[in-house]
2 protein chains.
Amino acid sequence: MSLTPAPAGAVRQGSLRELNLALVLGRIAAADRPPSRADLATATGLTRATVSAVVEDLLAGRLVSESDPAPRSGAGRPARGLVLADQGPAGLGLEVNVDYLAVCVVDLAGQVRHRTVHRADLRPVAPADALARLVEMAGAARDDAARHGLTLVGAALAVPGLVDDAGVVRLAPNLGWRDVPVPALLAEHPPLIEQVPGVPALTVDNEANLAALGELHSRPPGPSSFLHISGEVGIGAGIVLDGALFRGVRGWSGEIGHLPVHPEGQPCRCGGQGCLEQYAGQEAIVSAAGLARAELPADTATARLAELAEAGDANALRALHDAGTALGVAVASVVNLLDLDTVVLGGGYAALAPWLCPPVLAEISARVLTAAWSPVTVRPSTLGAEAAAVGAAGSVARRIIAQPAGWLARAD
Amino acid sequence: MSLTPAPAGAVRQGSLRELNLALVLGRIAAADRPPSRADLATATGLTRATVSAVVEDLLAGRLVSESDPAPRSGAGRPARGLVLADQGPAGLGLEVNVDYLAVCVVDLAGQVRHRTVHRADLRPVAPADALARLVEMAGAARDDAARHGLTLVGAALAVPGLVDDAGVVRLAPNLGWRDVPVPALLAEHPPLIEQVPGVPALTVDNEANLAALGELHSRPPGPSSFLHISGEVGIGAGIVLDGALFRGVRGWSGEIGHLPVHPEGQPCRCGGQGCLEQYAGQEAIVSAAGLARAELPADTATARLAELAEAGDANALRALHDAGTALGVAVASVVNLLDLDTVVLGGGYAALAPWLCPPVLAEISARVLTAAWSPVTVRPSTLGAEAAAVGAAGSVARRIIAQPAGWLARAD
DNA sequence: GCAAATAATTCAATCGCTGAACAAATACCA
DNA sequence: TGGTATTTGTTCAGCGATTGAATTATTTGC
């Protein structure tokens, strides 16, 4: 989802305005202080007259509002600052995971305006039932959003598995889902969102991808190219290149958990051998640390591990070091291949970052040819739990910013 | 280099025409038969009136010309087919490699209109001298191109190494280059190209990247996302995503040769351990096959290897199988990560593809989670030797097609 | 030889950006 | 207190590019 407008086909008279609406709105979204119309004119290269006209459209459509004037120095008429509206369109984020359901609403500015988490073991629950619960939560979220003047214009659902173009969950191993037609199942419930041209009513995506998008849109803005690794039971990665999520040919990119780190090593349930997941997956770390291969929930296991490491437990420290080394081998492959300079550890890895980062960095500096010239940053995610749900909702909101014309064209 | 025009900043009245020029010209370039104005109108969504006006500009600027009408069925005024001009702007491709210099000229249609190769061991030659020889060859190429009515509007140089943003060759290990300021060295020679807005006079890039671009633009058009692996002394990869070369944050993507395939294996000159290059590099294959670690030129070694394998030599077959397996482990990593469905074996690997493909495919199907659902194609490159030079020249020509306004704006 | 069909051009209308002039609102200075 | 400089934002005539309908051009089929 790039912020630079890219017309797909013919460029007609009206496209001009569409593109400039997106350009100006994107600038307002990217600014760290409320810009004036004059600021926008110099920043975009448009004339002040054009910016005024464009801004008038944005104000009329409630996408932006005027804020208190930014503090100025020197003489002259004071500027009127422009900010993203805190009422208007918003995105609905949904997440089904192994041990929780999450729903959230994110506004244009990226603020999380609503958040509900329902903890439960979802493995024994039928997909249709899980989705029905999620819809129920989403209904409450919609009503809450409406009370704040927010209109839901699209939804994105994060699942821990592979999703095809049609939104069918082909395989979510840890959830036990296979070929679940999510869009069809959700279509049986009354719609919660207001259709807007250019914004899909529902997108279904891998949790790692959406968590990476959340990281991309978090404030303050970070780099526009990075690798986001979600370390849960499985290990997934979201690849962000030049400010856009890279999904691959079929949308199945980021399967970093099955990179072979010991090609002749232990067999993996994927059919391969020596996959990263066997060495740095949550179960591998937990059992290597000598904890009971318990049925304790994922987040508890991670917290316990961090506790032990904090206390200096030798087994835990060794387990984390070994996992970090394996992770580092895989990350070194990615960095060699894609020349990224930032790696974000998310999901369960975020809390373990203090112990994982050093061995990861060690492997990078040993194995990446170009690391000597320019360092690679490895850091924990800034988003907390349910990052995927937040990223999902944010991806909808960003869509409005990237293509405001659709929202403006709707009947008010 | 995407074909969809993407305005960076403000969209003004004139941008409209610029974008539609690119749109129409791109369609003409992508068509498999000469399209008529009416065809272009329906394909692009513009009106016939607009297409006529745009085509008039393109004809006046000698970017396209009218061809014999396409064979038609049915009644009606016959269409006038439009084809890319075989006179007009063209790209200059340059290549410095370990054992040859190459220069070529590619026109808008992607045809190689001139080609010169000078075989010599370049390792003992000082960079400035090597570039001077190249410039001499390029001068002859320019004169030859001019006789065919072609104007060189930009040059691209392929080198087997890492290049930074400024065009400085930071490290080309097999060539023995380090921190060679190519643009500065070339600036000492009289310019060979006519400057055109929007087309850089000189770009310097990794040979693997440019060979991948050559593959991208080869006819018939292949997939728009693929991995192109150049197997030479080193192993480099060009990553093409959605029709654009992915260069990474600093332009150093594609270092597939240093993916760890045996993390605790042999030390590599890069400082890592068990890098792919140690198992599937040209030297590794040659010595594993029992051939003298000879000083014989690279292409001879590859040819000899293919000969032996053809004859059923057990050592050669085993060496190729082992190399293919190592290559397959690395390729499986890439496919897991990027979800590509096409892998092209180029450079020295092209001739060895019959023996490399099977083990590569075997590793993919064993290690790639999604391979069961949709197969991955592994095939040799269609371009022959000096693919990088051809790709380099083609990248310049494509630039004109992507941004024709610059060429049209110049004084005729 | 004429009607039907398809291709390409012409032209008034319209849309949106530009540039310059103008109005608005403040700081600075005497 | 009043005037000037300065910056912001708006108004409006002008213009470039696309549109859509009408017109011209050229061929096939009957």
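All values reported here derive from a predicted model rather than from experimental measurement. To find a chain, count down the sequence lines: A is the first, B the second, and so on, and within it residues start at 1.
Nucleotide C:dC15 holds its P atom 14 Å from the CG atom of A:Leu16, rounded to whole Å. Taking atom CZ on B:Arg80 and atom P on D:dT27, their separation rounds to 11 Å, with Å as the unit. One atom, CG of A:Leu19, and another, P of D:dT18, lie 14 Å apart when rounded to the nearest Å. Per the geometry, CD belonging to A:Glu18 stands 14 Å off C1' belonging to D:dT18, to the nearest Å. A:Glu66 places its CD atom 8 Å from the P atom of D:dT10, with the value rounded to the nearest Å. Separating the CZ atom of B:Arg37 from the C1' atom of D:dT19 is a distance of 18 Å, rounded to the nearest angstrom. When rounded to the nearest whole Å, the span between CG of B:Leu40 and C1' of C:dT6 equals 15 Å. Separating the CD atom of B:Glu56 from the P atom of C:dC11 is a distance of 13 Å, rounded to the nearest angstrom.
Residue A:Leu25 forms a side-chain contact (heavy atoms from CB on, under 4.5 Å) with just one option from A:Val55, A:Asp57, A:Leu58, and that option is A:Leu58. Test B:Gln87, B:Arg113, B:His114 against B:Asp107 for side-chain hydrogen bond (donor to acceptor under 3.5 Å, both in side chains) and you get one pass: B:Arg113.
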Evaluate A:Asp341 against B:Arg250 for side-chain contact (heavy atoms from CB on, under 4.5 Å), listing each step before the verdict.
CA-CA 9 Å; A:Asp341 61 2; B:Arg250 292 161 298 244; 3.4 Å; yes
Residue pair B:Asp205, B:Arg247: steps toward the side-chain contact (heavy atoms from CB on, under 4.5 Å) verdict
CA-CA 10 Å; B:Asp205 211 332; B:Arg247 290 192 154 82; 2.3 Å; yes
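At the heavy-atom level, B:Arg17 lies under 4.0 Å from the strands shown only through sugar-phosphate atoms. Base contact: A:Arg48 has a heavy atom under 4.0 Å from a base atom.
For the pair B:Asn20 and D:dA17, the criterion of a side-chain N or O lying under 4.0 Å from OP1 or OP2 is not met. An OP1 or OP2 oxygen of D:dT19 is reached within less than 4.0 angstrom by a side-chain nitrogen or oxygen of A:Arg12.
Taking every side-chain heavy atom of B:Ala49 into account, D:dG20 is the closest of D:dG20, D:dA17, C:dC17.
Between B:Arg33 and B:Asp39, every side-chain heavy-atom pair lies at or beyond the 4.5 Å cut-off.
Contact of A:Arg77 with C:dT26 (side chain to base): no donor-acceptor pair of N or O atoms is detected under 3.5 Å.
Sequence order on DNA chain D of the closest nucleotides to B:Thr50 and A:Ser52 puts A:Ser52 first from the 5' end.
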